[in-house]
Amino acid sequence: MTRILILGGTTEASQLAAALAKRGADAVFSYAGRTNSPIAQPLPTRIGGFGGADGLADYLTCEGIGQVVDATHPFAAQMSMNAVQACFKAGIPLCGFERAPWQAGPGDNWQEVPDLAAAMAALPMAPTKVFLAIGKQNLSQFSRADHHHYLLRLVDDPQLALPLSNTSVVIDRGPFTAPSDKAMLLNHKIEVIVAKNSGGSGARAKIDAARELGVPVIMVNRPKVTSRMVLGNLDQVLAWLDHSTRLGV
Ligand code: 3Y8
Ligand code: NAP
């Protein structure tokens with residue numbers, strides 16, 4: 001039986017972990033260690049970086065990993081690029097498991113931007129109530145637009161001072177629901193949302209609530225990751241795992 005490594009941290013990774021645990025597969029789940037108490041997984045779990053692409057290549061060899069599924073978030077571009085390099089170097093099959101981006105539909109009021117710097121530039125000039133729904137790691141990119149009031153939703157209570165001075169902080173972890181996100185937008189009188197186009201169901205509640213309330217969304221498109229095979233649903237990934245075991249590719 002081939003040993004599988006799941007690069008996790010998303011709803012899709014948790015789905016795959018549950019399916020492999022049910023099969024009794026020999027698999028390891030990996031978190032970066034970004035949050036204080038990540039959701040427990042039904043597989044042996046490692047937490048922390050590997051030490052770059054070379055560190056990951058060494059890990060794959062030392063741990064006898066035979067297949068890698070990169071089920072990290074579409075914005076976890078560095079991890080994905082490291083996985084491409086490390087699996088090529090170690091000669092181990094790799095597939096990406098990633099949900100499709102959200103598409104604007106009737107009633108959506110989106111302005112699509114290529115990155116967070118463009119998102120900040122797209123904010124109104126006048127002081128505005130902004131739901132900056134990008135987590136914690138990239139908040140400093142908005143410190144030059146400190147005249148706005150920012151609603152922040154973070155997974156853990158921030159230990160260090162935040163790089164923004166006018167903030168309301170909500171500590172919560174997804175997946176979220178449209179009714180509770182609608183109530184939060186109304187409660188904080190939000191006038192615009194900045195969101196990553198994460199796709200999937202866990203983060204889209206705010207997008208559905210924004211449509212219902214007519215709140216405009218500045219939607220940050222995904223970073224480009226080097227070309228690799230990406231599958232979009234659990235059945236495809238399970239079939240790939242079976243197939244690449246048989247062919248050893
Ligand atoms: C550490 C693991 C599961 C996975 C659940 C998904 C859904 C809920 C929605 C908003 C957007 C945001 C953020 C978000 C969501 C899921 C998924 C998702 C967005 C956990 C988790 C880890 C992280 C890391 C965290 C980042 C942050 C991003 C908050 C666990 C809960 C904004 C992304 O405080 C920090 O440093 C947080 C860092 C990376 C983005 C950022 O740059 O700040 N996710 N989120 C993973 C690890 O250590 O490897 O703690 O249990 C996982 C989930 N968060 O199994 O059910 O699948 O995306 N996560 C975004 O999409 O915009 C919140 O508030 O509306
Ligand atoms: P990133 O910027 O792509 O990666 C930075 C470094 O973090 C990587 O080079 C690696 O360190 C380490 N790392 C990332 N994911 C890892 C994993 N699953 N296991 C072990 N090490 C990992 O990553 P990120 O955007 O900070 O995301 C970190 C984690 O949060 C990932 O699990 C991701 O799926 C999850 N997440 C991210 C977002 C988001 O918006 N970015 C949203 C939801 C969930 P080394 O170089 O030392 O190996």
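Indexing begins at 1, ligand by ligand and atom by atom, following the structure's order.
- Any N or O atom pair closer than 3.5 Å counts here, and Phe176 shares no such pair with ligand 1.
- Between Arg34 and ligand 1, at least one pair of N/O atoms sits closer than 3.5 Å.
- In terms of protein heavy-atom proximity, atom 49 (O) of ligand 1 is nearest to Ala32 N, 2.6 Å.
- Looking at atom 7 (C) of ligand 1, its nearest protein heavy atom turns out to be Thr11 OG1, 3.4 Å.
- Note: an N/O pair closer than 3.5 Å links Gln137 and ligand 1 by distance alone.
- Here Val68 sits in one hydrophobic cluster together with Leu5, Leu7, Val28, Phe50, Leu56, Tyr59, Leu60, Ile65, Met79, Val84, Ile92, Leu94; the rule is ILVMFWY side chains under 4.5 Å apart, joined directly or through other members.
- Close contacts of ligand 1 with Pro175, meaning ligand atoms under 4.0 Å from a residue heavy atom, involve 8 (C).
- For atom 61 (O) of ligand 1, the closest non-hydrogen atom on the protein side is Ser198 OG, 2.6 Å.
- Residue-ligand proximity, Val155 to ligand 1, at heavy-atom distances under 4.0 Å covers atoms 29 (C).
- Counting only heavy atoms of the protein, atom 2 (C) of ligand 1 lies nearest to Tyr31 CE2, 3.8 Å.
- The contact set between ligand 1 and Asn138, taken as ligand atoms under 4.0 Å from a residue heavy atom, comprises 42 (O).
- The nearest heavy-atom contact from the protein to atom 64 (O) of ligand 1 is Arg153 NE, 2.8 Å.
- Cluster partners of Val225, by chain and number: Met81. The rule joins Ile, Leu, Val, Met, Phe, Trp and Tyr whenever side-chain heavy atoms lie under 4.5 Å apart.
- Counting atoms of ligand 1 from 1 in the listed order, those under 4.0 Å from a heavy atom of Arg99 are 6 (C), 57 (O), 58 (O).
- Using modelled atom types and a 3.5 Å distance limit, the side chains of Thr128 and His149 yield no donor-acceptor pair.
- Using a 4.0 Å cut-off between a side-chain N of Lys or Arg and a carboxylate O of Asp or Glu, Asp181 and Arg204 do not qualify as a salt bridge.
- Those atoms of ligand 1 that come under 4.0 Å of a heavy atom in Thr35, given as number and element, are 1 (C), 22 (C), 23 (C), 30 (C), 50 (O).
- Each of Val69, Val237, Leu241 was checked for a side chain to side chain contact (heavy atoms under 4.5 Å, CB included) with Leu20, and the lone residue meeting it is Leu241.
- Residue contact check: Lys206 has heavy atoms under 4.0 Å from atoms 10 (C), 11 (C), 65 (O) of ligand 1.
- If you check which protein heavy atom lies closest to atom 52 (C) of ligand 1, you get Gly9 O, 3.4 Å.
- Residue contact check for ligand 1: Leu154 places no non-hydrogen atom closer than 4.0 Å to it.
- The shortest contact between atom 55 (O) of ligand 1 and any protein heavy atom is with Ser14 OG, 2.4 Å.
- No cation-pi contact links Arg228 to Phe88, judged by a cut-off of 6.0 Å to the six-membered ring centre and 45° from its axis.
- In summary, the atoms of ligand 1 found under 4.0 Å from a heavy atom of Ile39, numbered by their order in the structure, are 3 (C), 30 (C), 51 (O), 55 (O), 56 (O).
- When hydrogens are left out, the protein atom nearest atom 43 (O) of ligand 1 is Lys136 N, 2.6 Å; that is the closest non-hydrogen contact.
- Taking a distance limit of 4.0 Å, we find that atom 58 (O) of ligand 1 is approached by some protein heavy atom.
- Counting only residues at least two apart or on different chains, the salt bridge (charged side-chain N to carboxylate O under 4.0 Å, His left out) pairs with a member in residues 58-68 are Arg3-Glu63.
- Leu132 is listed as a side-chain neighbour of Phe142, based on a closest heavy-atom distance under 4.5 Å.
- Of the heavy atoms in Arg173, only side-chain atoms (C-beta onward) come closer than 4.0 Å to ligand 1.
- Remark: distances from the non-hydrogen atoms of Gly200 to ligand 1 are all 4.0 Å or more.
- Counting only N and O atoms by type, the side chains of Thr35 and Asp156 include no donor and acceptor under 3.5 Å apart.
- Near ligand 2, residues Gly8, Gly9, Thr10, Ser30, Tyr31, Ala32, Arg34, Arg46, Gly48, Gly49, Phe50, Gly51, Gly52, Thr72, His73, Phe75, Ala76, Ala77, Gln78, Met79, Asn82, Gln137, Lys196 come within 4.0 angstrom through at least one heavy atom.
- In summary, the side chains of Ser143 and Ser140 do not present any donor paired with an acceptor at a separation below 3.5 Å, with no hydrogens or angles considered.
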